[in-house]
Amino acid sequence: MTVQQIAGIDAGGTMIKIAISDGKKLTLKAFPEREKEHFLEWLHRNYPEGFISMTGGGASCLAAQLPERQIQIVPEFQASCTGVQYLLHQERGRADPFILTNVGTGTSLHLVKGEKNQRLTGTGVGGGTILGLSALLTGIHDFSRLMELSLQGKRAHIDLTVATVYRGHTPPIPGDLTASNFGNVSEKVKKSATANADLIASVIGLVAETITTLSVLAAEKEQVHRIVYIGGAFSGNPLLHRLVRNYSRFCHAEPIIPENGQFSGAVGALLMQRSLNQTES
């Protein structure tokens, strides 16, 4: 390990994310929370000593498992906002002001203006909903398999569209919009060979529409037009990407989904550590 290395960790309810920088290269890794022991082994091997800046709901518990390390715990919301500003700058330059929608296990919405951020609202609907509700409906618990199946699903087999409600008449809003999530479920769903794929796609649709609606309403209230979506729910989930982008644009908002947005908390914790070190030096 070089002296210049610093690390930030975001210990969430579902995933543990880490960002390590040597001043030139930024290493990003994610581990399922249930594989915490594997994460700790990786950390001891790749970052055996040195200060750690930590954030997230599981930070205190994780820090207790590293009694030999010097650790600071930083506020989760501040870390996420600091980290996403850095990632956005790397990808496209400044984007603020914007609504930051952090879709982790649940979802939290913030208004970001420069270095300031304000939490606006949140919902329990998020990545945990996708994983948990999909598992309840299909019996499948593997996230990768769920995402693979979601791309084969047809939401029209499960969800009721506006066009279906109007039965051939011209609706006052686009007919392909959802009139009722899961409102088209019938006995035929149980017999369909693609039932699991359809169900998973509809769960993702429900989550996508919920978080996008909240985000658009927040953007309208705060008079901003950009919405930045981050969080582990977007990782390996192309259907969520597509639905959120399309629905945001339909509502006249500009959606931005950073490539490594799920690491915003870890990157922010790392940057806050660097800032603290510079202040003390």
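- Between the side chain of Thr178 and the backbone N or O of Asn181 there is no donor-acceptor pair closer than 3.5 Å.
- For the residue pair Gly265 and Ala79, the shortest heavy atom distance occurs at O-CB, 3.7 Å.
- Within the structure, side-chain hydrogen bond (donor to acceptor under 3.5 Å, both in side chains) pairs that include any residue of residues 210-223 comprise Thr101-Ser215 (at least two apart or interchain).
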Which donor-acceptor pairs under 3.5 Å do side chains of residues 167-174 form with protein atoms, sequence neighbours excluded?
none

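- Looking only at distances, a side-chain donor or acceptor of Asn184 sits under 3.5 Å from a matching main-chain atom of Ala156.
- In this structure, Arg34 places its CZ atom where only 12 or fewer heavy-atom neighbours from other residues, nucleotides or ligands lie under 6.0 Å away.
- With sequence neighbours excluded, the residues that form a side chain to side chain donor-acceptor pair (under 3.5 Å) with Arg226 are Glu254.
- A distance of 6.5 Å separates CG of Leu133 from CG of Leu136, quoted to the nearest 0.5 Å.
- Counting only heavy atoms from C-beta outward, the side chains of Leu26 and Gln90 never approach each other to under 4.5 Å.
- Residues passing the side chain to side chain donor-acceptor pair (under 3.5 Å) test with Asp198 are His157, Thr194, sequence neighbours excluded.
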Assess the residue pair Glu148 and Leu146 against the criterion (side-chain contact (heavy atoms from CB on, under 4.5 Å)); give the C-alpha distance rounded to whole Å, side-chain angles, the decisive distance to 0.1 Å, and a yes or no. CA-CA 5 Å; Glu148 179 184 346; Leu146 289 170; over 6 Å; no

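- Of all heavy-atom pairs spanning Leu149 and Ala197, the tightest one is O-CB, 3.3 Å.
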Could you walk me through whether Ile256 and Phe98 pass the side-chain contact (heavy atoms from CB on, under 4.5 Å) test, one step at a time? CA-CA 10 Å; Ile256 303 171; Phe98 57 84; over 6 Å; no

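- Between the Thr129 side chain and the Gly126 main chain, a donor and an acceptor come within less than 3.5 Å of each other.
- Contact annotation: the side chain of Ile130 approaches that of Asn237 to within less than 4.5 Å [non-hydrogen atoms, C-beta and beyond].
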Going through the distances and angles, do Glu76 and Thr55 end up as a side chain to side chain donor-acceptor pair (under 3.5 Å)? CA-CA 5 Å; Glu76 180 178 2; Thr55 193; 5.7 Å; no

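- Not a single donor-acceptor pair under 3.5 Å links the side chain of Thr123 to the backbone N or O of Thr107.
- The NZ atom of Lys36 sits 6.0 Å away from atom SG of Cys61, with the distance rounded to the nearest 0.5 Å.
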Worked verdict on Tyr47 versus Ile18 for side-chain contact (heavy atoms from CB on, under 4.5 Å): CA-CA 11 Å; Tyr47 190 67; Ile18 183 167; 5.6 Å; no

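- Under the 3.5 Å distance criterion, the side-chain polar atoms of Thr82 are left unmatched by any main-chain donor or acceptor of Gly268.
- Between the side chain of Asn260 and the main chain of Phe263, no donor-acceptor pair closer than 3.5 Å is present.
- In this structure, the side chain of Ser248 engages the main chain of Val244 through a donor-acceptor pair within 3.5 Å.
- Rounding to the nearest 0.5 Å gives a distance of 7.5 Å between CG of Asp159 and OG of Ser180.
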Start with the C-alpha gap between Val203 and Phe182, add the side-chain angles, then the distance that decides, and say whether side-chain contact (heavy atoms from CB on, under 4.5 Å) holds. CA-CA 9 Å; Val203 169; Phe182 288 81; 3.7 Å; yes

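- Under a 3.5 Å cut-off, the side chain of Glu91 and the backbone N or O of Glu259 do form a donor-acceptor pair.
- Under the rule for a side chain to side chain donor-acceptor pair (under 3.5 Å), the partners of Thr14 that lie at least two apart in sequence or sit in another chain are Thr105.
- Taking hydrophobic clusters as Ile, Leu, Val, Met, Phe, Trp and Tyr residues chained together by side-chain heavy-atom distances below 4.5 Å, Leu271 shares a cluster with Leu28.
- With hydrogens and angles disregarded, a donor-acceptor distance shorter than 3.5 Å links the side chain of Asp96 to the backbone of Gly114.
- By the neighbour-count criterion of 12 heavy atoms within 6.0 Å, atom NE2 of His44 is densely surrounded, having more than that number from other residues, nucleotides or ligands.
- Using a 4.5 Å heavy-atom cutoff, the side chains of Phe234 and His241 are in contact.
- Met15 forms part of no hydrophobic cluster, judged by ILVMFWY side-chain heavy-atom separations under 4.5 Å.
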